[in-house]
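Note sheet for the following structure.
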Amino acid sequence: MSTMSTEQPVRVRFAPSPTGHLHVGSARTALFNWLIARKSGGAFILRIEDTDTARNVAGADRKIVEDLRWLGLHWDEGIEVGGPHAPYYQSQRMDLYEAAIARLLETGHAYYAFDTSDELDAMRAVAQERKCTFRYPRPERFPDEADVERARQQGLPVVVRFVMPERDITVNDEIMGDVTVAATELDDFIIRKADGMPTYHLANVVDDAHMGVTLVIRGQEFLAQTPRHIALQAALGYATPRYAHMALTMDMKGRKLSKRDGAVEVFAFRQEGYLPEALLNFIALLGWSPGGDRERFTLDEMIGLFSLDRMNRMNSKFDRDKLLAFNTDAIREASPERLLAAFDDWLSVNPDSPIAKANLDTATRRMLLAANTSVRTLADLESRAGFIFAADDAIAYDPAAVKKVLEKGDGAGYAMLETLVAVFEGLEPWSEEAIDETIRAFCETQAVGMGKVAQPIRVAVSGGTVSPGIGQTLALLGREKTLRRIRRILTERPVQS
RNA sequence: GGCCCCAUCGUCUAGAGGCCUAGGACACCGGCUUUUCACGCCGGCAACACGGGUUCGAAUCCCGUUGGGGUCACCA
């Protein structure tokens with residue numbers, strides 16, 4: 001079978017910058033790396049690329065760790081778990097970069113430069129005017145240490161640039177195919193910034209080599225940069241790893257996924273009540289398909305099915321509706337234990353919700369879940385049943401609901417509530433079953449439809465027309481609160497017609 | 001703008017020259033179910049960007065056009 005890949009164990013890495021919570025696009029990159037590591041019996045490494053001191057956000061590494069763990073994408077080597085190539089923060093590996101830069105300087109593969117950003121901008125502007133690609137003008141004579149000293153004294157920025165070889169470079173990409181970039185498109189890029197930190201290109205290449213990374217799976221935005229990395233590897237005597245550049249995930253308009261149209265961080269989806277298995281399944285299908293009609297998989301199934309040659313080359317759009325559908329199914333298919341665990345996790349990341357503040361016992365949480373199997377996200381439980389646990393005077397009445405359910409027909413709904421008060425006062429015991437049974441019997445003797453009875457109650461206790469089953473709702477609410485809310489609406493009569 | 005990548009329903013995709021009158025899923029529309037909202041079930045609408053080739057035959061191969069994306073940083 002073709003799915004029984006002969007993939008050799010690969011060493012892959014996920015190397016985010018610590019700027020905040022994990023973005024779903026990054027999660028997708030992490031997932032594919034993780035999948036192939038698991039499938040091949042290789043290793044998945046988590047490295048933090050924090051060489052941009054200005055952009056680093058304190059605590060972001062912790063958030064990334066939390067998000068990755070929530071997804072179930074565990075790493076074999078990296079921050080927090082350690083490994084043979086520790087440390088896994090680039091800011092702690094400066095000696096490695098310094099050694100590499102020194103070697104490049106000594107062998108004539110790199111040189112110092114002192115241009116200010118204004119000068120650089122001016123040169124680019126000129127190139128722009130002449131409509132040609134800007135390429136940094138390599139000096140005929142490379143500055144020596146004395147020049148560096150002089151530049152420093154003059155307060156000029158001192159950077160190190162790599163001598164880009166004058167040859168076309170082909171990337172043998174496992175997704176995009178062979179991509180050749182002409183020598184004329186590449187110039188002497190910076191490998192050490194004025195603040196002494198290595199640039200992404202240098203640190204990334206050095207670390208991948210030292211950590212024994214054999215396969216690099218990353219977003220297509222890096223494809224055009226890869227020739228630089230290949231040249232760097234050649235100059236440093238490193239082997240070039242295999243490359244696989246994935247097409248990107250965009251928003252529904254084909255633009256970059258932005259916070260403006262909804263959650264983009266894994267943590268935000270967690271707070272919105274998505275299950276990691278649903279998110280992962282959905283994300284996996286953005287640019288990958290095992291072929292055929294199947295599209296629902298567990299993580300374990302994905303490991304078995306995954307292969308790079310099934311990756312698409314075209315960008316995909318993040319369709320939130322489809323994700324919601326996946327989540328709906330994941331909730332419906334989850335075992336009671338799994339669902340309870342997921343709900344508890346949701347409560348832990350939504351501590352301010354009424355439902356979390358109610359500190360429900362396990363039996364009640366189970367009951368709530370069992371009776372609301374039609375929710376699409378765990379957060380729906382809050383919007384559906386949150387009012388039960390809110391304070392009585394926090395209930396806001398929906399004017400349209402009041403008008404339609406209570407006032408219509410000369411206040412028939414209010415009249416119904418008046419009658420119901422007496423019924424509820426004598427109802428024993430106050431349980432879901434007894435309440436349902438009593439209401440059912442009441443409807444029969446009064447010869448009215450269920451809707452005529454249940455809807456007024458809903459509006460009275462919730463303010464709107466939506467709630468879980470009426471028996472469960474009132475049982476959870478308790479007799480006292482039920483009656484209090486009914487009496488309150490009878491006195492207030494919130495909307496005048 | 002230069003360079004690079006891409007192009008099947010609105011969206012994710014199946015499709016590796018005849019199996020395609022193009023399949024599945026989501027969304028949408030209609031119906032059923034129903035104490036509310038949903039869920040669910042059934043049915044329907046809907047695509048090979050365009051133009052040239054190659055071939056007995058093209059969604060599948062080639063070229064061009066158009067469109068989209070990426071990249072040209074002391075960000076990763």
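- Counting non-hydrogen atoms under 4.0 angstrom, A:T180 reaches the backbone sugars and phosphates but no base.
- A:V179 comes within 4.0 angstrom of the backbone, heavy atoms only, and of no base.
- Nucleotides B:rA14 and B:rU71 place their P atoms 25 Å apart, quoted to the nearest Å.
- For the P atom pair drawn from B:rU34 and B:rC26, the interatomic distance equals 24 Å after rounding to whole Å.
- In the interface, the side chain of A:S17 is not paired with the base of B:rA76 through any donor and acceptor atom under 3.5 Å apart.
- For A:R332, a side-chain nitrogen or oxygen approaches OP1 or OP2 of B:rG40 to under 4.0 Å.
- Note on A:T51: a side-chain N or O is less than 4.0 Å away from OP1 or OP2 of B:rA76.
- Under the 3.5 Å distance criterion, with hydrogens and angles disregarded, no donor-acceptor pair is assigned to the side chains of A:R93 and A:Q90.
- Remark: aromatic rings of A:F189 and A:Y136 are distant, center separation not under 6.0 Å.
- The residue A:R255 sits close only to the backbone: its heavy atoms come under 4.0 Å of sugar-phosphate atoms, none of a base.
- Looking at A:S307 and A:D309, their side chains do bring a donor and an acceptor atom within 3.5 Å of each other.
- Using a 4.0 Å heavy-atom distance criterion, A:R218 is classed as making no nucleic acid contact.
- Contacts of A:F282 with the nucleic acid, taken as non-hydrogen atoms under 4.0 Å apart, are absent.
- Looking at A:K63 and A:E265, no side-chain N of the basic residue comes within less than 4.0 Å of a carboxylate O on the acidic one, giving no salt bridge.
- Taking only side-chain atoms of A:L248, from C-beta outward, the nucleotide of B:rG40, B:rG70, B:rC26 with the closest atom is B:rG70.
- Base-pair partner of B:rC37: not found among the strands shown (Watson-Crick or G-U wobble, both distances under 3.5 Å).
- The gap from the P atom of B:rU21 to that of B:rG67 amounts to 32 Å, rounded to the nearest Å.
- Pairing partner, B:rC50: B:rG64, with both Watson-Crick or wobble hydrogen-bond distances short of 3.5 Å.
- The nearest heavy atom of RNA chain B to A:G451 and to A:S374 marks one nucleotide each, and the one closer to the 5' end goes with A:G451.
- Within 3.5 Å, a donor on the side chain of A:R458 pairs with an acceptor on the base of B:rU35, or the reverse.
- With distances taken from any side-chain atom of A:M176 to the nucleotides B:rU71, B:rC5, B:rC39, the minimum falls on B:rC5.
- Here the side chain of A:E185 is nearest to one of B:rU36, B:rG2, B:rC72, namely B:rG2.
- Nucleic acid contact class of A:T19 (heavy atoms, under 4.0 Å, all strands): none.
- Residue contacts shown for A:N372 are absent, as no nucleic acid heavy atom lies under 4.0 Å away.
- When the P atom is used for both B:rC9 and B:rC48, the distance is 7 Å, rounded to whole Å.
- Heavy atoms of A:G177 sit nowhere under 4.0 angstrom from any nucleic acid atom.
- Checked for salt-bridge contact, A:D187 and A:R161 miss the test: no charged N lies under 4.0 Å from a carboxylate O.
- Aromatic ring centres of A:F282 and A:F318 lie closer together than 6.0 Å.
- If you check every strand for non-hydrogen atoms under 4.0 Å, A:A325 touches sugar and phosphate atoms only.
- Taking atom P on both nucleotides, B:rG2 is separated from B:rA47 by 35 Å, rounded to a whole Å.
- In this structure, A:K193 reaches the B:rC75 phosphate: one of its side-chain N or O atoms is under 4.0 Å from OP1 or OP2.
- Relative to the side chain of A:Q220, the nucleotides B:rG70, B:rA25, B:rA7 differ in distance, and B:rG70 lies closest.
- Of the candidate nucleotides B:rG23, B:rG40, B:rC74, B:rC74 has the atom nearest to the side chain of A:L120.
- Looking at heavy-atom distances under 4.0 Å, A:D329 makes contact with sugar-phosphate atoms alone, never a base.
- The phosphate of B:rA73 has OP1 or OP2 within less than 4.0 Å of a side-chain N or O from A:R124.
- Pairing for B:rU71 goes to B:rG2, judged as Watson-Crick or G-U wobble with the two contacts each under 3.5 Å.
- Note on A:S289: a side-chain N or O is less than 4.0 Å away from OP1 or OP2 of B:rA14.
- A:Q128 comes within contact range of no nucleotide atom at all, as no heavy-atom separation falls under 4.0 Å.
- Candidate nucleotides B:rC12, B:rG70, B:rC72 were compared by shortest atom distance to the side chain of A:Q225, and B:rC72 ranks first.
- Residue A:E295 is classed as a base contact, given a heavy-atom separation below 4.0 Å to a base.
- Taking the P atoms as reference points, B:rG44 lies 26 Å from B:rC50, given to the whole Å.
- The nucleotide B:rC26 finds its pairing partner in B:rG10, both defining distances of the Watson-Crick or G-U wobble pair being shorter than 3.5 Å.
- When both distances must be under 3.5 Å, the Watson-Crick or G-U wobble mate of B:rG57 does not exist.
- Counting non-hydrogen atoms under 4.0 angstrom, A:L286 reaches the backbone sugars and phosphates but no base.
- Look at A:R296 and you won't find any side-chain N or O under 4.0 angstrom from OP1 or OP2 of B:rU13.
- In this structure, A:E272 CD and A:T377 OG1 are separated by 8.0 Å, a value rounded to the nearest 0.5 Å.
- Comparing atom distances between the A:Y200 side chain and each of B:rC74, B:rA76, B:rG40 picks out B:rA76 as nearest.
- Nucleotides B:rA59 and B:rA22 place their P atoms 11 Å apart, quoted to the nearest Å.
- By the 4.0 Å N-to-carboxylate-O rule, A:E98 lies close enough to A:R192 to be salt-bridged with it.
- Here the side chain of A:I190 is nearest to one of B:rA27, B:rC74, B:rA38, namely B:rC74.
- Judged by distance alone with a 3.5 Å cut-off, no donor-acceptor contact links the side chain of A:R313 to the base of B:rC6.
- Using cut-offs of 30° and 60° on the angle between ring planes, the pair A:H201 and A:H229 is tilted.
- Comparing atom distances between the A:P157 side chain and each of B:rC37, B:rC74, B:rA76 picks out B:rC74 as nearest.
- Using a cutoff of 4.0 Å between basic side-chain nitrogens and carboxylate oxygens, A:D261 and A:K253 are scored as salt-bridged.
- In the set B:rU35, B:rC75, B:rA14, B:rA14 carries the atom at the smallest distance from any side-chain atom of A:N312.
- Within the nucleic acid shown, A:T465 comes within 4.0 Å of at least one base atom, counting heavy atoms only.
- Distances shorter than 4.0 Å separate some side-chain N or O of A:R376 from OP1 or OP2 on B:rC39.
- Taking the P atoms as reference points, B:rG10 lies 11 Å from B:rA49, given to the whole Å.
- On a pure distance criterion of 3.5 Å, no polar donor-acceptor pair joins the side chain of A:K322 and the base of B:rA27.
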